[in-house]
Every structure is written in structure tokens, then in C-alpha cells.
Amino acid sequence: MHKDIATPVRTREILDKYGFSFKKSLGQNFLIDTNILNRIVDHAELTERSGAIEIGPGIGALTEQLAKRAEKVVAFEIDQRLLPILEDTLSPYQNIKVIHSDVLKADVQAVVEQEFASLEDVMVVANLPYYVTTPILMKLLEERLPIRGIVCMLQKEVGDRISAKPGTKEYGSLSIAVQYYTRAETVMIVPKTVFMPQPNVDSAVIRLTLHDEPPVKVKDEQFFFQVTRSSFAQRRKTILNNLTSQLPDGKQKKEDILAALQQADIQESRRGETLTIQEFARLSDALYPYFH
Ligand code: SAM
């Protein structure tokens with residue numbers, strides 16, 4: 001048996017062997033605690049018939065744990081310098097494919113189709129680069145990938161916003177976007193000490209389980225998200241003021257917006273952060289005819 005990558009000693013050995021220096025701009029904070037990694041992988045509930053997609057394998061700490069539990073792992077890594085290192089560290093495993101690519105530019109859909117066609121389910125499991133957490137999550141969700149869910153490490157503050165409930169200060173358009181596609185849970189709070197180098201912010205692991213059907217049906221998804229983003233544009237403003245200032249020609253259409261709010265049974269003096277996803281759905285459907 002070889003030693004796990006995710007220990008301080010082995011990680012240091014690998015970094016020294018290749019003279020690797022961390023790039024802060026790429027969100028490189030590697031995990032050095034096998035126990036935490038195992039718990040992350042537990043939350044993904046993989047079987048030997050599962051596929052796993054990893055974003056940012058680093059030197060392969062999480063990748064190797066995934067390879068032990070899934071049938072196949074595909075990992076997207078942006079940093080060219082890590083490719084020869086991964087080839088070395090992951091050489092004991094035959095079921096891993098590393099793709100050198102910025103995941104935001106990659107055709108993940110095609111990769112899922114090509115690599116995981118015969119498998120039972122696919123999970124995304126990642127210790128995300130924190131500078132692009134939200135764009136990565138939104139890409140994975142908006143592309144409607146045929147995945148069962150996502151288990152990922154991220155900034156605790158972003159995790160709080162994702163799983164926030166109406167009426168809290170963390171609740172916003174990110175909560176609604178993610179909750180539209182998934183059931184979101186924070187499953188672990190993670191101390192800084194399990195990373196090398198240690199990040200400046202606290203971390204958490206969240207699990208997103210994709211809905212079979214979205215919790216609300218709307219006439220137009222894009223418009224629904226536009227209405228939610230507009231409603232939170234300035235948190236201290238009322239929903240009416242945000243919608244009139246943010247929606248196209250909103251100022252001229254104030255009467256229409258008032259009519260739609262009334263039709264959706266939402267008081268104009270409320271603030272966006274108090275509206276449930278159901279209320280946003282009613283509101284965007286009521287506004288829709290005035291903006292199309
Ligand atoms: N998975 C490793 C671990 O847990 O130790 C490394 C995690 S580290 C937080 C984030 C990784 O994502 C780094 O390896 C970084 O180079 C990579 N990365 C950053 N931006 C990326 C992008 N846009 N696409 C793919 N990988 C990216």
C-alpha cells in the first residue's frame with residue numbers, strides 16, 4: 001500500500017520534489033487531512049457503479065479517494081504545472097482521467113456523455129477554488145448536467161448564502177438560484193488547519209441534491225432569475241423600488257409593476273429578502289406579460 005497524498009508529510013514531499021509553488025490567484029489550498037477527505041467522499045454516497053467529476057484536483061488528494069470508491073473519475077485542472085505531478089501521484093489508479101482545462105470553458109456535458117454513459121449515476125465532488133465558486137456552481141446547475149448532485153468545499157460564507165432561508169441576511173438571489181435546482185445542505189464546517197496553505201476564510205462542505213422537478217413552475221426561467229436578481233439589487237430598497245430601477249424601462253412601467261405585485265398578492269413595501277421562492281415565481285409570472 002502506498003501512503004495517502006493528503007498528509008502534511010507526503011504533500012510537502014511532492015511539492016518539494018517538483019519545486020511547486022502555490023498560486024493564490026488559482027485558489028490553490030490543498031487538503032492535507034485524509035479523515036476530512038473521507039468524510040467529504042462519504043457524503044457523495046458513491047458506489048462502484050458511480051462516476052465522479054472533480055474540479056481542480058491539485059496534486060490529487062481528493063482524486064485518489066474518489067478513485068477508490070467510484071468506477072471512474074474525471075478531473076478538470078487549469079494549472080498546467082500540476083499535470084506531470086498528477087501523472088506521478090495518481091499512477092497507482094487506472095480509473096482516473098485528468099483533463100487540462102478551465103472548467104468554466106470546458107464542455108462538461110460532452111465529457112459526461114462520453115465518459116460516464118454506461119454508469120448508474122454521476123456526482124461532482126470538489127474542493128473548489130474559492131475565487132470562482134459561484135460561477136462554477138452556476139455553470140454546473142444551469143447546464144442541466146445529468147448528475148445526481150454536488151458535494152463541495154467552499155467558503156463558509158458562500159455556503160451560508162446558498163442554504164439560507166427567507167428573512168435572513170444571507171438570503172439572496174444565489175440562495176434562490178441554487179434552491180431552484182437543488183436541495184442544499186451544509187454538511188460540515190471545516191477548520192483552516194486542514195489546508196496547505198491555510199486560507200484566510202472559514203470553509204464548509206455543502207451537498208446539493210438535484211430536484212427531479214423544480215420546486216416551482218415558471219413561465220420563463222431566465223426572466224424568473226432576472227426578477228430575483230433585480231429584487232435584491234439594493235437590499236435596503238423595497239421590492240417595488242428595486243424592480244422599477246432594475247427591470248428594463250421599469251420606471252415607465254411602474255403602474256404595470258404595481259399591478260403585477262397586487263396580482264401576485266405581494267405588498268409593494270416588502271423587501272426582496274422576505275419573499276419565498278414560491279412568491280418570486282408568482283411575481284415573475286405576473287410581471288412576464290408586461291415585459292414580453
Ligand atoms: N483538490 C485539491 C485538494 O483538495 O487538495 C486542490 C483543491 S484547490 C482548493 C483548487 C484547485 O482548482 C487547484 O488545483 C487549482 O489549480 C484548480 N483550479 C483553479 N481554477 C480552476 C478552473 N477554472 N478550472 C479548473 N481548475 C481550477
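First listed ligand is number 1; within each ligand, the first listed atom is number 1.
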Indicate yes or no: does an N/O atom of [X] lie under 3.5 Å from an N/O atom of ligand 1?
X	result
Phe30	no
Pro129	no
Leu31	yes
Val132	no

Heavy atoms of other groups near Gln198 CD, more than 12 under 6.0 Å: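 Correct, the count exceeds 12.
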Exercise. More than 12 heavy atoms of other residues, nucleotides or ligands under 6.0 Å from NZ of Lys24: is that the case?
Worked result: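 Result for NZ/Lys24: open.
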Does this structure show an ion pair linking [X] with [Y], if we count only N-O contacts that are shorter than 4.0 Å?
X	Y	answer
Asp33	Arg39	no
Lys156	Asp202	no
Lys17	Glu13	no
Lys97	Glu115	yes

Could you find the nearest protein heavy atom to [atom] and give me its residue, atom name and distance?
atom	answer
atom 10 (C) of ligand 1	Gly27 O, 3.5 Å
atom 24 (N) of ligand 1	Val103 N, 3.0 Å
atom 27 (C) of ligand 1	Ile78 CG2, 3.4 Å
atom 1 (N) of ligand 1	Gly56 O, 2.8 Å
atom 20 (N) of ligand 1	Tyr131 OH, 2.9 Å
atom 16 (O) of ligand 1	Glu77 OE2, 2.6 Å
atom 4 (O) of ligand 1	Asn127 ND2, 2.9 Å

*Do the ring centers of Phe280 and Phe225 come within less than 6.0 Å of each other?*
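When the ring centroids of Phe280 and Phe225 are compared, they turn out to be at least 6.0 Å apart.
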- prompt: ligand 1 versus Ala6, non-hydrogen atoms closer than 4.0 Å: side chain, backbone, both, neither?
  reply: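 None of Ala6 does.
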For ligand 1, which atoms, with element, lie under 4.0 Å from some heavy atom of [X]?
X	value
Glu54	1 (N)
Ser101	24 (N), 25 (C)
Asp102	22 (C), 23 (N), 24 (N)
Gln28	13 (C), 15 (C), 16 (O)
Asn29	7 (C), 8 (S), 9 (C)
Phe76	25 (C), 26 (N)
Leu128	9 (C)

Give a yes/no on ligand 1: does Leu26 have at least one heavy atom closer than 4.0 angstrom to it?
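Contact check Leu26 vs ligand 1: positive.
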Taking a cutoff of less than 4.0 Å between a non-hydrogen atom of the residue and any ligand atom, is Ala126 in contact with ligand 1?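 Under 4.0 Å: no for Ala126.
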Are any non-hydrogen side-chain atoms of Val111 and Val74 less than 4.5 angstrom apart?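 Counting from C-beta outward, Val111 and Val74 do come under 4.5 Å.
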- Item | Chi angles and distances behind the salt bridge (Lys or Arg N to Asp or Glu O under 4.0 Å) call for Asp4, Lys68 | CA-CA 12 Å; Asp4 284 322; Lys68 288 182 197 168; 3.2 Å; yes
Does the side chain of Asn242 come under 3.5 Å of the side chain of Ser231 through a donor N or O and an acceptor N or O?
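Absent: no donor and acceptor within the cut-off.
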Trace of the ring pair (Phe, Tyr, Trp, His ring centres under 6.0 Å) decision for Phe224 with Tyr180: CA-CA 10 Å; Phe224 166 72; Tyr180 181 77; 5.4 Å; yes
TODO: Is it possible for you to check whether Lys253 lies under 6.0 Å from the centre of the six-membered ring of Phe291, through NZ or CZ, and within 45° of that ring's axis?
DONE: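 The answer is yes; both the distance and angle limits are met.
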| said: Using the rule given for side chain to side chain contact (heavy atoms under 4.5 Å, CB included), can you reason through Tyr130 versus Ser203, listing the C-alpha separation, both sets of side-chain angles and the distance that settles it, and then say yes or no? | reply: CA-CA 10 Å; Tyr130 290 177; Ser203 299; 2.7 Å; yes
